[in-house]
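Sequence lines set the chain letters: A, B, ... in the order given, protein chains first and strands last, and positions in each chain run from 1.
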Number of protein chains: 2
Amino acid sequence: MQISLVDHFSRYVTISDADIEIINKYIKRNTFNKKEELLRNGQVCKSLYFVEQGCLRMFYINSKSTEQITQFALDGWWMADFFSFMDQLESEYFIQAVEASKVVTIEFQSFEVLLKEVPQLERYFRIIMQKKIAASQLRMKYLYEMSKEEFYYHFVNSFPEFVQRVPQYMIASYLGLTPEYVSELRKKNQ
Amino acid sequence: MQISLVDHFSRYVTISDADIEIINKYIKRNTFNKKEELLRNGQVCKSLYFVEQGCLRMFYINSKSTEQITQFALDGWWMADFFSFMDQLESEYFIQAVEASKVVTIEFQSFEVLLKEVPQLERYFRIIMQKKIAASQLRMKYLYEMSKEEFYYHFVNSFPEFVQRVPQYMIASYLGLTPEYVSELRKKNQ
DNA sequence: TTGTTTTATTAAACCAGTTTAATTTTTTTG
DNA sequence: CAAAAAAATTAAACTGGTTTAATAAAACAA
């Protein structure tokens, strides 16, 4: 369900044709193959990424040397390591395409200039960030409230498209479960 | 360590004396006694709260009928149920003063008008929200990575002021531990 | 300064979810 | 298509943290 960045802007603020020309100066459009890396551990997160189509995941290598997924982004979602991006510090994360993906890239400097030249975008990003906070507050509430079994079924019922598009072990990782436990749950509830 | 709202704005954007006059039209300053409620379960979160001095906590009543704390705010922090605030929906949370607190209140309608009249504040809130997201990404990483014992000691070492100001059972609740387990940890490491 | 309420401690029984290690199934690739 | 790599399953032993229930200590209010 592809979505263009400008359409997404237009859901929240008014964008003129002149604005679109400016925007196009400061963004890049890339396609990434399955498993291609957008960011690697040790690099600075130089860009914000907007998924027009596809799926990205963010993960780090934990103390057991396994990949711990902390975020996904599907069509119409933003992804970045904000901690690294904001202060241009080294990131501890990888960002990788889960499937072939069309991505809009805004680099740090371009982002700053773009916000000056198209000031409505300050409002757009303020609203988007606010929604991200609301979503993460809700997610934390579920984490406090639910057992891991409930958390798993709540997720797959709420986001059935993930089950279609993302391998089970990645969902397990994102939800903080072992893949073995997910197998056990699926067997139990066939 | 009191901090005024306008000083906080000024850390991120330029605020003129004229702006300050406008701001003062749209904000309210309140003091709350210990245990006084700013928001109650079932009400709409009508305002954003900025703590100039003191401490607020946000919690809900969980399925075991006990208070589950999900957030604190100390001097210089914002607090709101963004989910309820943004769409003016009923909240499931309580917000309560942990100690006597000086709070700046911005109501939903005032917030919208204020952002129009002092447009730099779009930028301020965009940056603040971005920082909140970065902080919550970091918190999630710790949640994935650490055992509950590590999580507890990491928190008390990172935020020693909380241990001074907030009862131990509230910290336990916020960290998702039972108070009994915190006692056990403290005994073990005397 | 005493009685009441709130907060913290103790200890034993318990269990939800992990670990380990092996096997099977599915997907990818040359 | 066959071989290799990636993903999913199975089952048993194990453990970090919870539950329960009772007591003790600290803080607060009259």
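Under 4.0 angstrom from either OP1 or OP2 of C:dT9 there lies at least one side-chain N or O belonging to B:Q168. Contact annotation: B:T178 side-chain N/O to D:dT18 OP1/OP2 distance is under 4.0 Å. For B:R186, no side-chain nitrogen or oxygen approaches OP1 or OP2 of C:dA8 to under 4.0 Å. Between A:K35 and the phosphate of C:dT28, there is no side-chain N or O to OP1/OP2 separation shorter than 4.0 Å. Applying the 4.0 Å criterion to OP1 and OP2 of D:dT19, one finds that B:K64 has a side-chain N or O inside that range.
Between the two ends of the helix from C:dT1-D:dA30 to C:dG30-D:dC1, each summarised by a five-pair axis, the helix axis turns through 60° (rounded to 10 degrees).
B:E184 places its CD atom 16 Å from the P atom of D:dT15, with the value rounded to the nearest Å. Taking atom CG of A:N33 as the reference point, atom P of C:dT29 lies 11 Å away to the nearest angstrom. Regarding B:K148, its NZ atom lies at a distance of 12 Å from the P atom of C:dT18, rounded to whole Å. Rounding to whole angstrom units, CG of residue B:N62 and P of D:dT19 are separated by 10 Å. Atom OH in B:Y181 sits roughly 19 Å away from atom P in C:dC15 (whole-Å rounding). As rounded to whole Å, 12 Å separates atom P of D:dA6 from atom CD of A:Q96. One can place CD of B:E180 at 17 Å from P of C:dA13, the figure rounded to the nearest angstrom. Put simply, CD1 on A:I171 is 20 Å from P on D:dA6, counting in whole angstrom units.
Comparing D:dT20, C:dT18, D:dA8 by their nearest atom to the side chain of A:S183 picks out D:dA8.
With A:F155 as the fixed residue, the ring-ring contact (aromatic ring centres under 6.0 Å, His included) test singles out one of A:F159, A:F151, A:Y153: A:F159.
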Does A:E122 form a salt bridge (charged side-chain N to carboxylate O under 4.0 Å, His left out) with B:R123? I'd like the steps, not just the answer. CA-CA 6 Å; A:E122 287 281 8; B:R123 182 175 172 81; 2.8 Å; yes
Evaluate salt bridge (charged side-chain N to carboxylate O under 4.0 Å, His left out) for B:K141 paired with A:D81, printing each intermediate quantity in order. CA-CA 12 Å; B:K141 186 166 189 249; A:D81 173 0; over 6 Å; no
Quick one, A:I106 with A:W78, criterion side chain to side chain contact (heavy atoms under 4.5 Å, CB included). Give me CA distance, side-chain angles, the key distance, then yes/no. CA-CA 11 Å; A:I106 307 185; A:W78 286 93; 3.8 Å; yes
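Checked against a 6.0 Å centroid threshold, the rings of A:Y60 and B:Y144 do not count as neighbours.
Judged by distance alone, with hydrogens and angles left aside, the side-chain atoms of B:E145 form a donor-acceptor pair with the main-chain N or O of A:S63 at under 3.5 Å. A:Q71 places no side-chain N or O within 3.5 Å of a backbone atom of A:M58 that could act as its donor or acceptor partner.
Nearest-nucleotide positions on DNA chain C place B:M170 closer to the 5' end than the other of B:M170 and B:K187.
Among the heavy atoms of the strands lying under 4.0 Å from A:Y169 are primed sugar atoms or P, OP1, OP2 only; no base atom is included.
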